[in-house]
Amino acid sequence: MSQYEYEILEELIQRLEKTPRLSKEEENKRYKKFSKNVTERMINEGIARGVAADDHQMYNQSEESFKAHLKTTDNDLNEQISIFNFGLDRWFEYGETHPPYFPYRIAIILSKRKELEKENRFLAAYCRHFKFRVGTTDQQITNRAI
């Protein structure tokens, strides 16, 4: 693992360890406000949801380009952390859930690199916030942590 990767991973883990968890009520309150603003922008400006919500740039491209991006960055720890951090920013500010694909890929990459201590810390910190999410990938993340 490069020094840069080590540093950004450590920052991510500490962020998850130290940032207060959102209560369900706070999550709903933030998301309701966010969703209302996005809907108003879509209606008033006649723009797509992804543009109105200021989604990550990779979501505002063709499906073919999106899939190619995922494929070429699948084992790029820097990119996976960057995209997950983008999702975390939106989670903590707007209560908008992030795709579990990126934290799952982080865990897989760490496992492949035999960075088991880092993987365990990352998974524990992740589950501190998101262990009750429902979905196949979310369940895979929780099972890895267990």
According to a 4.5 Å side-chain heavy-atom criterion applied to Ile, Leu, Val, Met, Phe, Trp and Tyr, with indirect links allowed, do Phe92 and Phe86 form part of one hydrophobic cluster? no

Hey, any chance Tyr6 and Tyr126 share a hydrophobic cluster, counting ILVMFWY side chains that come within less than 4.5 Å of each other, even indirectly? yes

What are the two closest non-hydrogen atoms of Met58 and Phe66, and how far apart are they? O-CD1, 3.4 Å

How about Ile83 and His69: do any of their side-chain heavy atoms sit closer than 4.5 Å? yes

Charged N to carboxylate O under 4.0 angstrom, Glu115 versus Arg121? no

Does Ile81 share a hydrophobic cluster with Tyr4, counting links as ILVMFWY side-chain heavy atoms below 4.5 Å and allowing steps through other members? yes

Non-hydrogen atoms of Ser111 and Leu116 that approach each other most closely: CA-CD2, 4.4 Å

On the ring face of Phe130, is Arg133 found with NZ or CZ under 6.0 Å from the centre and within 45° of the axis? yes

So which atom in Ile109 and which in Gln80 form the shortest heavy-atom distance, rounded to 0.1 Å? CD1-CG, 3.9 Å

Does any part of the side chain of Leu12, heavy atoms only, come nearer than 4.5 Å to the side chain of Ile106, both counted from C-beta? yes

Flag the pair Lys131 and Asp138 as a salt bridge only when some basic side-chain nitrogen lies within less than 4.0 angstrom of an acidic carboxylate oxygen. no

Please walk me through it: do His56 and Phe84 pass ring-ring contact (aromatic ring centres under 6.0 Å, His included)? CA-CA 10 Å; His56 193 280; Phe84 181 47; over 10 Å; no

